[in-house]
Amino acid sequence: MRVWLIRHGESESNAGLPTNGPGASPLTRLGRHQAERVAASFQESPELIVSSSFVRARETAAPTRERFPEVPYEEWPVQEFTYLGNLHGPATTGEQRRPFAEAYWRRADPGYINGGDGESFHDLVTRARSCLTRLADRPEQGLIAVFTHGIFMRAVLWSLFTGIVTPDTAAMRAFRTFTATCVVPNGAIVELRRGGPESLQAVAGATAHLPAPLTSSPSPTP
């Protein structure tokens, strides 16, 4: 079993436009083009298509669902980290929210919730771990496509790499450093496969652009 974690295409929020809450931002024209390119990159039919409930993830998944209409579709709690809560108010831009975001990360309190529909950093890590467990327990032997979000993808990878389940202040700060050094562009695909101590392991680099593998590989050279 393989898993593709796919970041949504460019959203209006990514483009600096005002949005009406964390889940409402639709794709831009570029984002829709990126979604079509993602759909075209599949060299085999997935066995399951998953999306978060956020508009930009569902719109990114739409071309893939259209290409493979027979594949089951489910929505899972793989939405973006909504740590600003009420501060992620209507008709605000990312630039307007930036001071509040920087203050949140400086606070480095894993249990803190800003209010409203926000969540704590501990909640984010719990969701990431739950996603990994759910994927590892799936019966599919082929490809699962998960349309999700940038910070959530990095939380999955970070938790997979570190094994951290209950983060403290130091871990939260380490994650912030990780997000600054692990870039996940719009439309990016990160692959997970069965194996390793955590039941799933990350593949270091995408290979979707390469031809199908040969039946046998030459012996490696030094």
So does Ala128 get a backbone contact from the side chain of Ser159, meaning a donor-acceptor N/O pair under 3.5 Å? no
Using a strict threshold of under 4.0 Å (side-chain N to carboxylate O), is an ion pair present between Glu59 and Arg56? no
Would you check, one step at a time, whether the test side-chain contact (heavy atoms from CB on, under 4.5 Å) holds for Leu5 with Val3? CA-CA 6 Å; Leu5 299 178; Val3 178; 4.0 Å; yes
Does His149 reach the side chain of Ser52, with side-chain heavy atoms less than 4.5 Å apart? yes
Please name the pair of heavy atoms, one in Pro18 and one in Ala91, separated by the smallest distance, quoted to 0.1 Å. CB-C, 3.8 Å
Could you check whether Phe121 and Phe175 have their ring centres less than 6.0 Å apart? yes
Inter-residue atom distance Glu10.CD - Thr28.OG1, 0.5 Å rounding: 3.5 Å
Would Trp4 and Phe147 count as a close aromatic pair, with their ring centres under 6.0 Å? no
Arg176 versus Tyr104: any side-chain heavy-atom pair under 4.5 Å? no
Minimal heavy-atom distance between Val125 and Pro167, with the atoms involved, is CG2-CG, 3.9 Å
Let me confirm one number: the CZ-CZ distance from Arg106 to Arg173, rounded to the nearest 0.5 Å. 11.5 Å
Report whether Met172 and Met153 are members of the same hydrophobic cluster (ILVMFWY, side-chain heavy atoms less than 4.5 Å apart, transitive linking). yes
Take atom CZ in Arg37; do more than 12 heavy atoms of anything else shown fall under 6.0 Å from it? no
For side-chain contact (heavy atoms from CB on, under 4.5 Å), just list the numbers for Val146 and Val78, CA-CA rounded to whole Å, side-chain angles, deciding distance to a tenth of an Å, and then say yes or no. CA-CA 8 Å; Val146 181; Val78 294; 4.2 Å; yes
Where do Asn14 and His8 land on the side-chain contact (heavy atoms from CB on, under 4.5 Å) test, with the steps shown first? CA-CA 11 Å; Asn14 296 148; His8 61 80; 3.3 Å; yes
Has the side chain of Ser120 got a donor or acceptor atom that lies under 3.5 Å from a matching backbone atom of Asp123? yes
Is the closest side-chain heavy-atom distance between Thr166 and His122 below 4.5 Å? yes
Say whether, by atom type as modelled, one donor and one acceptor occur between the side chain of Glu47 and the main chain of Ser45 under 3.5 angstrom. no
Between Ala202 and Leu157, what is the shortest heavy-atom contact and its length? CB-CD2, 3.9 Å
Judged by modelled atom types alone, do Ser53 and Glu75 share a side-chain donor-acceptor pair under 3.5 Å? no
Indicate yes or no for a side-chain donor-acceptor contact from Thr60 to the backbone of Gly9 under 3.5 Å, with no hydrogens or angles considered. yes
Hey, mind stepping through Asn114 and Tyr112 against side-chain contact (heavy atoms from CB on, under 4.5 Å) and telling me if it holds? CA-CA 7 Å; Asn114 262 322; Tyr112 176 71; 2.9 Å; yes
Rounding to 0.5 Å, atoms CD (Gln79) and CG (Leu124) come to a distance of 9.5 Å
With a 3.5 Å distance limit and no angle check, can you tell me whether Gln201 reaches the backbone of Leu192 through a side-chain donor-acceptor pair? no
With side chain to side chain donor-acceptor pair (under 3.5 Å) as the criterion, how do Thr92 and Arg97 come out once you've worked through the C-alpha distance, each side chain's angles and the decisive distance to 0.1 Å? CA-CA 7 Å; Thr92 60; Arg97 297 188 294 269; 2.8 Å; yes
Answer whether the closest heavy-atom distance between the side chains of Gln34 and Leu27 falls below 4.5 Å. no
How far apart are the closest heavy atoms of Cys131 and Phe152, and which atoms are they? CB-CZ, 3.9 Å
Would you kindly confirm whether Val55 and Tyr73 end up in one hydrophobic cluster when ILVMFWY residues are joined by side chain heavy atoms under 4.5 Å apart? no
Give the cluster check for Met1 versus Val156: same hydrophobic cluster or not, with ILVMFWY residues linked at side-chain heavy-atom distances below 4.5 Å. yes
Tell me whether Arg127 is salt-bridged to Glu119, with the criterion being a basic N under 4.0 Å from an acidic carboxylate O. yes
For Leu48, is there any backbone N or O sitting under 3.5 Å from a side-chain donor or acceptor partner on Glu140? no
Under-4.0 Å salt bridge between Glu102 and Arg107: no
Backbone N or O of Gly21 within a donor-acceptor pair of the Ser25 side chain at under 3.5 Å? no
Is there side-chain contact between Ile144 and Arg138, with at least one heavy-atom pair below 4.5 Å? yes
Can a donor-acceptor pair be found, under 3.5 Å and without considering hydrogens, that links the side chain of Glu74 to the backbone of Val50? no
Within 45 degrees of the ring normal and closer than 6.0 Å to the centroid, is that where the cationic atom of Arg154 sits relative to Phe178? no
Is there a path from Leu30 to Phe54 through hydrophobic residues (I, L, V, M, F, W, Y) whose side chains come within less than 4.5 Å of each other? no
Strictly below 4.0 Å, N to O, side chains only: are Arg129 and Glu198 in salt-bridge contact? yes
State, to 0.1 Å, how close Glu44 and Phe68 come at their nearest heavy-atom pair, and which atoms those are. O-CZ, 3.9 Å
With the threshold set at 4.0 Å, does a side-chain nitrogen-carboxylate oxygen contact exist between Glu191 and Arg193? yes
hydrophobic_cluster_shared for Val165 and Phe161, side chain cutoff 4.5 Å: no
Rounded to the nearest 0.5 Å, how far apart are CD of Glu66 and OG1 of Thr64? 9.0 Å
With a 4.5 Å limit on heavy-atom distance, are the side chains of Leu200 and Leu135 in contact? yes
Side-chain touch Pro22/Phe81, heavy atoms, less than 4.5 angstrom: no
Mark yes or no for whether Arg67, through its side chain, and Phe42, through its backbone, hold a donor-acceptor pair below 3.5 Å. yes
For a 4.5 angstrom cut-off between non-hydrogen side-chain atoms, does Trp105 reach Tyr83? yes
